Every structure is written in C-alpha cells, then in structure tokens.
S.K.: 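The following block contains the structure, expressed as structure tokens.
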Amino acid sequence: MKQTLIILLTALSLNTFAQKEISKVWVPDLGNGTYKNPVIDADYSDPDAIRVGDKFYMIASSFDAVPGLPILESTDLVNWKLIGHALKRQPPFEFFSKTQHGNGVWAPAIRYHNNEFYIYYPDPDFGIYLTKAKNINGPWTDPKLVEAGKGLIDPCPLWDNNGKVYLVHAYAGSRAGIKSLIVVKEMNAAGDKTITEGKIVFDGHEQDPTLEGPKFYKRNGYYYIFAPAGGVSTGWQLVLRSKNVYGPYERKVVMDQGKSLINGPHQGAWVDTPNGDDWFLHFQDKDAYGRVVHLQPMKWIKDWPIIGIDPDGDGIGEPVLTHKKPIVAKTSAVFTPAESDEFNGTELGLQWQWQANPTATWSFLNSDKGSLRLYTVKTPDSAKNLWDIPNILMQKFPTEEFTATTKLSFTVNPKLENEKVGLTVYGLSYAYLALKSKKDGLYLVYSVCKNADKGKAEVEKTLMKLDNKHIYLSVKVAKGAKCQFSYSTNGNTFTTIDDVFEAAPGKWIGAKIGLFATREQQTNDSGYADFDWFRVTK
C-alpha cells in the first residue's frame, strides 16, 4: 500500500510539473493531428525561424523590453516553448537604463552557420548588431556593431556557395528619411562587418509601399528575398527572385488576406521539415493583442512559393485557420510559452521582461519563501505617469480572453507616503489596481491613464482603506481587450470594479500585463511587496 501511494504521489508530482508549461487559455495543438492558428496567440512580432536537425528555433523582436530577443523551440512548428533570451541587457546600457518605447530590437534574423547560431538584429537608432553562440542556450556574445547608422533595419545574412557573405536589409523612414527599399551589402568572411556600401536591389514605392522585413535565401540557383509590403495590418507577402545576388529581381505576391479573416498576413520565415515539406511562419497584427504568430503550409511551383492555400488557383495563397500538423519523426508533447509563475525558484519565469535595463535593487526572488519581492523605486523626476517608469515587470497578453491573478502583501516604509504597488494592464493607455500608503494607513486605489504616452495624468479613485497588508488582485480580459479589475481579501470572494478599461497597444507592441512598485521620494530605504504567485487562467 505504501509503495503504491509513493508511486501515485510521484506520478501526480510529475504530472503537475509537466503541466507548468501548458497554457490554460490557448493551446494550438488540437490533439487529433491538426492545429489551429495562431500557433502562438501572443505578441512574438516579426518572427524568424530556422531548423537545426530535428529542432526548430524561432526569435522575435523585443524593442525596449529586457531581457530581449526571445528564443523559442519546437519539434513540430506547432508546440512552442520559450527557452531563453539572447540579449540579457540592451546596449548602449545607459541609453536603455531609461524607458525607450518603440526603440531597441526591431525585426531580427537567426541563422546557423559553421556550427554556430548567428542572430542579426537592428536598432534603428544605432545600427545593425550581431550576437553569436555555440549553443542555442548560450552564452551569447556581446552584441557587435556590423554597421553603425540610423534607420538600418531588418537585416538578414546569406552565406553563398562561392564563399561570399551578404547582408540584406531595409530602411526605416523615421530615421533614414527614406523607406520601401531593399539593399544588399557584402560582409567580411566572419560576417561581422559590412565591407561595401551596398546596392539597392528593389524599390517598392510604386507597387509595394512600406517594403521591409527582408529574409534572404538561395534555392535552385535563385536568390530569394521574402519581404512584407503594404503595411503591418493591411499588407501582403512578397517574394523577389533573381539569378544574380544584385538583381534584377522579379516580384510576386505569394500570400495575402484573400477571403480569409487574417488581416495583413506577412513577415516571417520559410522553414522545411526533415522530410522536405515547406512551411512559413508569419505574424498577424491584432491591435491591443499585438502581432501573433501563424503557421502556413507552403509549396513550390515553377520555382515560386505559394504560402497558405490557393482556392481560386491564381498563384496567391491565403492563410489557413486549421490544418494538418507538419509530418515529423516523433510526435511532440504539448508545449506553450510560459505564462503563470509561482516564484518558487531562483530565476523569474522566462515570460517576464522589464521596461528597461534592470538594476539588482529592483527585485529579489526569495526561493525559501517562494515569493517575488519588488522594492519600491523612486520615480524619475521627469516622469508624468507610469509610461516613464522603467521598473515595471511585464509579460505579453497570452490570448484574447484570460484572467490574471496575483497574491501579495505590502510592507510600507513608515517614513514615506504614496508608496504604491500593484497590477497593471499597460499600453499607450493603462489602468491599474494598487495598494497605496497614506499618512493614516494603507488604501486600495484604482487608476486609469488615457494617452499616457502624451504625458496625460492618471485619474485615481480610492476604493477602500485596508485592514491588513495582504490582498489578491485580479484582472479579467475579454474579447476586444475589455478589462475588468477585481480584488479579494480572502482569495475566494472577489469584488469587481465597475469600470471596463479597453486595453491599448504600446509603441509597436501589444498591451502587456505586469507588476510594479514605486515611491515618490528618495530615502535610505524602501518599502516592498511580496508576490506569492502570478496565475493566468480562463
């Protein structure tokens, strides 16, 4: 009997561990050999991917969020697990010690060459960087500037079979003063420095405005540049081909929305499976939910790709909502990017990102108590609202409908007033539910800030005075990014706030949900909030 009990407890423990990586709100694997799109219903924008052996690796843009350059792994292109980040802190370090909304890591590219992983990423204000690693889990080298300059974006390398190394990239009109152009440059043999000024190989001004995000491939003697055009939420997937690396390039639209419900299907990565089937990963812009990741079947006809399905036979594919899973040698377990966090370890869950390069005094993971402690940090003197606060710990919306709940206790610094800790839904406009210290005690407040990016002030409402420092904070997100906050003093009965806040996207990103701890004065110590856990449920 005792042995049976031990076996049962062990099985339960293993099952609990296995469930940690599985979302309760969005699983694309339908369990019957098919999948539904999006394969990641979260803001992993500008995806690029490769296959190495029987594993696929995907990266995405991360802008000013730290750590940056998220790395995801899959064995079937449907079940993705977040396994790390290539950028632990973002250079220049001083520049990114402050909030830099919309700046930082734009659309990156990942490649595997000479038994090394290469990631090229653009910072539109500083230039194109390269970081490398022998192992996908790192360590990754310090980013090296491949080419300095403003407005150089969306780089992708190509190692040609003649020994030459090329780089394709686009231009950001906001910095370069021109856009809708694709340029090819030669790099040195190490692939870490451009050695020519480059040549414009395609101009999209007439037919393909906002041409950007190029990915470079070679197949059957053709050089291929896969590039989106037409704008983030309204565009199409373009493919260019030429027998000469510098052109002239022929153009073909290979996927657009067609009669599907998927707006602006474009920008991503062509990958093949070990058995030779072709697939394409791309994003779809969903406003407050960000740019989510779709998987499309792909086939080649007369050396042109068709992405998705082509019901009318015009050679232009359109996205699928469901499809048979890719054929792989071994069936994958079900995985999804991490969402909930019990704060029981010595490292934060990989889903968490700060709003700037963090300092050690922002947080402490107390594995003995199984909690995350956030210390209140003085707000910058120039801050008009939370938009200017760097020490906000956030993660992406995991899907369209979900509930996020956290349990916390707040220990104030008795020498201070207006220390504040809470749960926020954050974007160009934001709302939060927080505990705030006042002269006569601790209060629960609800604040909304519309047009935070324009420096508008918060509108704060005091809900109640608290008898103790322990509380549960929750927000329920419904379709249309409609958010309602609630709170509980016992974890069972929640009081819902009447206000319905509609989440707004951030700068080039979707809305986020997160935790913060702030104060208004600089003293020799701070208060702190201990978060017991953070859970995402239906």
Side-chain angles (χ1 to χ4, degrees), residues 99 343 354-356 358-366 369 371-394 404-426 430-449 452 456-475 485-491 493-499 501 513-534:
T99 54
F343 303 129
W354 293 101
Q355 192 57 39
T359 69
T361 55
W362 287 1
S363 67
F364 167 55
L365 266 172
N366 190 336
K369 293 184 177 179
S371 63
L372 166 68
R373 177 168 292 184
L374 296 186
Y375 302 99
T376 63
V377 177
K378 184 186 178 300
T379 59
D381 292 335
S382 59
K384 298 180 178 63
N385 52 50
L386 277 190
W387 187 253
D388 303 314
I389 303 299
N391 60 304
I392 309 177
L393 184 64
M394 295 189 287
T405 307
T406 189
K407 177 186 177 184
L408 70 118
S409 64
F410 184 22
T411 302
V412 304
N413 181 339
K415 297 178 181 179
L416 297 175
E417 286 182 54
N418 299 325
E419 283 189 300
K420 200 181 294 181
V421 301
L423 173 71
T424 182
V425 169
Y426 187 91
Y430 65 79
Y432 64 75
L433 194 56
L435 282 65
K436 181 178 182 180
S437 65
K438 298 185 181 182
K439 277 185 180 180
D440 62 338
L442 198 57
Y443 285 80
L444 183 67
V445 299
Y446 174 68
S447 290
V448 175
C449 187
K456 301 298 183 183
E458 294 177 358
V459 177
E460 181 180 285
K461 180 180 179 181
T462 300
L463 301 177
M464 62 184 293
K465 186 176 182 181
L466 296 169
D467 296 328
N468 64 65
K469 63 181 184 179
H470 304 283
I471 199 164
Y472 298 78
L473 304 180
S474 185
V475 62
F485 288 82
S486 62
Y487 61 91
S488 173
T489 55
N490 59 22
T493 305
F494 281 79
T495 300
T496 301
I497 296 168
D498 290 337
D499 180 68
F501 171 73
I513 186 164
L515 312 171
F516 68 95
T518 62
R519 56 182 157 131
E520 295 177 353
Q521 299 149 283
Q522 184 63 37
T523 63
N524 66 353
D525 205 357
S526 76
Y528 51 84
D530 289 314
F531 293 87
D532 192 12
W533 42 257
F534 181 95

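Here the structure is a predicted model, which means the values were calculated and not measured.
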S.K.: For the pair S437 (side chain) and N418 (backbone), establish whether a donor and an acceptor sit closer than 3.5 Å, ignoring hydrogens and angles.
M.R.: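 A pair under 3.5 Å: yes.
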S.K.: Ion pair present between K420 and E460, side-chain N to carboxylate O less than 4.0 angstrom?
M.R.: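 Between E460 and K420 there is a salt bridge, with a charged N closer than 4.0 Å to a carboxylate O.
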S.K.: Mark yes or no for whether N385, through its side chain, and K456, through its backbone, hold a donor-acceptor pair below 3.5 Å.
M.R.: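 Present.
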S.K.: Does T376 offer a backbone N or O that forms a donor-acceptor pair with the side chain of R519 under 3.5 Å?
M.R.: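 Yes.
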S.K.: With a sphere of 6.0 Å drawn around NZ of K378, does it hold more than 12 non-hydrogen atoms of other residues, nucleotides or ligands?
M.R.: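 Yes, NZ of K378 has more than 12 neighbouring heavy atoms, counting only those of other groups under 6.0 Å.
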S.K.: Any heavy-atom pair between the side chains of L444 and L433 that's under 4.5 Å?
M.R.: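 Of all side-chain heavy-atom pairs linking L444 with L433, at least one is under 4.5 Å.
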S.K.: Report yes or no: does T424 contribute a side-chain atom to a donor-acceptor pair with the main-chain N or O of G514 at less than 3.5 Å?
M.R.: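 Looks like no, no N/O pair under 3.5 Å.
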S.K.: Donor-acceptor pair, Y430 side chain versus A452 backbone, under 3.5 Å?
M.R.: no
S.K.: Go through the steps to decide whether T462 and K465 satisfy the test side chain to side chain contact (heavy atoms under 4.5 Å, CB included), and finish with yes or no.
M.R.: CA-CA 8 Å; T462 300; K465 186 176 182 181; over 6 Å; no
S.K.: Decide yes or no on side chain to side chain contact (heavy atoms under 4.5 Å, CB included) for I389 and W387, but give the supporting numbers first.
M.R.: CA-CA 6 Å; I389 303 299; W387 187 253; over 6 Å; no
S.K.: Using a 3.5 Å distance criterion without hydrogens, assess whether the side chain of D388 forms a donor-acceptor pair with backbone atoms of T99.
M.R.: no
S.K.: Between T489 (side chain only) and I471 (backbone N and O only), is there a donor and an acceptor less than 3.5 Å apart?
M.R.: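 A pair under 3.5 Å: no.
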S.K.: How far does OH of Y487 sit from OG1 of T495, to the nearest 0.5 angstrom?
M.R.: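 Spacing of OH (Y487) from OG1 (T495) equals 4.5 Å.
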S.K.: Measure up the Y472 and W533 rings against each other and bin them: parallel (under 30°), tilted (30 to 60°), perpendicular (over 60°).
M.R.: tilted
S.K.: With rounding to the nearest 0.5 angstrom, report the CH2 to CG distance, W354 to L393.
M.R.: 4.5 Å
S.K.: Do the side chain of D532 and the main chain of K407 share a donor and acceptor less than 3.5 angstrom apart?
M.R.: no
S.K.: Is a side-chain N or O of Y443 found less than 3.5 angstrom from the main chain of A434, in a donor-acceptor match?
M.R.: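 Pair absent, no side-chain N/O of Y443 close to backbone of A434.
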